[in-house]
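Just below is one structure, and these are the notes that go with it.
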Amino acid sequence: MSAAPLKPNPNINIANNLFIETPLTLRVRTMETFHYLEDEEEISLFDTINTKAKGIGSSLSRYLKRDSEDLSWVAAQLIIQPDSPFHDLGTIVGLRTTAKRVTLQNIYNTLVYLTKQNKLSELSKEKLLRVSLIYFAEIKKMFPVDWGNYKESKLTHIVGINALSIIGLEILPKSLGSKTLAKELLSLMDVK
């Protein structure tokens with residue numbers, strides 16, 4: 001019984017078959033190229049190929065989805081924008097260094113905590129970005145020594161950032177109607 005012949009896809013070009021022979025095995029590698037794909041289709045295909053086959057990091061995957069997922073877009077902006085408190089701490093691709101120790105996936109997760117079952121989840125991505133920027137910038141202003149001192153303070157460790165988001169989950173929805181959100185946040189933070 002023979003298999004049915006494959007129908008050619010005009011968007012796929014089998015560019016090259018490489019035969020690699022060793023004393024123990026014979027392997028065939030096929031390289032495929034894709035032409036005339038829409039941006040979303042290209043991103044989706046790239047994401048599928050690299051997460052299933054080769055394995056790209058979750059941070060890079062979030063970055064690729066930033067145009068179709070609001071929280072991914074907000075997380076990316078929190079790292080990209082120079083006025084963000086995470087700009088000097090964050091990395092898009094997920095490769096941590098001593099200076100860049102917060103990944104895009106970490107920021108995405110903290111936004112999930114921040115927006116879990118409250119009014120913030122109903123905001124547009126632009127408004128959520130603004131609220132997040134104000135909230136974390138005010139915390140950075142209130143605790144500048146702790147924000148910049150990774151070794152002696154847990155504030156910018158992932159657990160600290162997530163804890164701040166859980167606190168924000170309670171504080172921020174109450175202040176959304178305020179005309180001066182930053183002042184409201186500061187006054188709520190001072191309450192013991």
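- Grouping the Ile, Leu, Val, Met, Phe, Trp and Tyr side chains by contacts below 4.5 angstrom, directly or via other members, places M142 with I167.
- Counting heavy atoms from C-beta on, the side chains of L164 and L114 never come closer than 4.5 Å.
- Counted within 6.0 Å of CG on D83, heavy atoms from surrounding residues, nucleotides or ligands total more than 12; the atom is thus considered enclosed.
- Not counting sequence neighbours, H87 has no partner by the ring-ring contact (aromatic ring centres under 6.0 Å, His included) test.
- Remark: T115 engages no residue in a side chain to side chain donor-acceptor pair (under 3.5 Å) (not counting sequence neighbours).
- The distance from atom CD1 of I139 to atom OG1 of T156, rounded to the nearest 0.5 Å, is 12.0 Å.
- In the model, S84 has no side-chain atom that pairs as donor or acceptor with a side-chain atom of Q81 under 3.5 Å.
- Rounded to the nearest 0.5 angstrom, K140 NZ and D146 CG are separated by 13.0 Å.
- At a threshold of 4.5 Å between side-chain heavy atoms, the hydrophobic network of Ile, Leu, Val, Met, Phe, Trp and Tyr places Y113 and L104 in two separate groups.
- Separation of atoms NZ (K151) and NE2 (H157) is listed at 10.5 Å; rounding is to 0.5 Å.
- With sequence neighbours left out, Y108 forms a ring-ring contact (aromatic ring centres under 6.0 Å, His included) with no residue at all.
- When all heavy atoms of P85 and A137 are compared, the pair lying nearest together is CG-N, 3.6 Å.
- Atom CD of E152 and atom CG of N149 lie 4.5 Å apart (nearest 0.5 Å).
- Side-chain contact between S132 and L172: absent, with no pair of heavy atoms (C-beta onward) separated by less than 4.5 Å.
- Between the CD1 atom in I161 and the CZ atom in F136 there is a gap of 7.0 Å [rounded to 0.5 Å].
- Going from atom OG1 of T110 over to atom CG of N162 covers 4.5 Å, rounded to the nearest 0.5 Å.
- The hydrophobic clustering, which links ILVMFWY residues whose side-chain heavy atoms are closer than 4.5 Å, places F143 and V102 together.
- Judged by distance alone, with hydrogens and angles left aside, the side-chain atoms of N106 form a donor-acceptor pair with the main-chain N or O of T103 at under 3.5 Å.
- One hydrophobic cluster holds both V112 and V74 under the rule that ILVMFWY side chains link at heavy-atom gaps under 4.5 Å.
- Linking ILVMFWY residues whenever their side-chain heavy atoms come closer than 4.5 Å, directly or via other members, leaves L128 and L169 in distinct clusters.
- Paired with L111 under the rule side chain to side chain contact (heavy atoms under 4.5 Å, CB included), one option of L120, L71, L129 passes, and it is L71.
- Remark: side-chain polar atoms of Y135 are paired, donor with acceptor, to backbone N or O of G168 under 3.5 angstrom.
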